[in-house]
Amino acid sequence: MIVTATMNAKNQVTIPKAVRDLLALKKSDTLEFIINGDNSVTMQRKPQDLWDIVAQQEAKYGSYDTPTIDWGEDIETERID
């Protein structure tokens, strides 16, 4: 299958629906362009890593940080007579 798209004056291209469907692209997905040795280009959706997922969850639900709890002095400092 050959799918075409046209670059506009701002060097932008709309990804055709057939390609978006094939790659299961969603809003704000990141794409990778791989330049091959024969000057052809392959495009793929960038796989998410753990920190991408953490950033998305933080944006949706807020910070994942928890306050540090002060448990008092270390137990080894206690003295038993």
Student: Out of curiosity, T14 OG1 to R20 CZ, how far, rounded to the nearest 0.5 Å?
Tutor: 8.0 Å

Student: Are V41 and L22 co-members of a hydrophobic cluster defined by side-chain heavy atoms under 4.5 Å apart?
Tutor: no

Student: Does I35 have more than 12 heavy atoms from other residues, nucleotides or ligands lying within 6.0 Å of its CD1?
Tutor: no

Student: Examine I15 and F33 and state if one hydrophobic cluster contains both, with Ile, Leu, Val, Met, Phe, Trp and Tyr joined whenever side-chain heavy atoms are less than 4.5 Å apart.
Tutor: yes

Student: With sequence neighbours left out, write down each residue that passes side chain to side chain donor-acceptor pair (under 3.5 Å) with D21, or none if nothing qualifies.
Tutor: K17

Student: At their closest point, which heavy atom of A24 faces which heavy atom of D29, and how far apart are they?
Tutor: O-OD2, 3.9 Å

Student: Which residues pass the side chain to side chain contact (heavy atoms under 4.5 Å, CB included) test with V13, not counting sequence neighbours?
Tutor: A5, M7

Student: Restricting to side chain to side chain contact (heavy atoms under 4.5 Å, CB included), what partner residues turn up for D49, sequence neighbours left out?
Tutor: W51, D52

Student: Just to verify, what does L23 make a side chain to side chain contact (heavy atoms under 4.5 Å, CB included) with, not counting sequence neighbours?
Tutor: V19, L25, M43

Student: Partners of K46 by side chain to side chain donor-acceptor pair (under 3.5 Å), sequence neighbours excluded?
Tutor: none

Student: Applying side chain to side chain donor-acceptor pair (under 3.5 Å), can you list everything that pairs with N8, at least two apart in sequence or on another chain?
Tutor: Q12

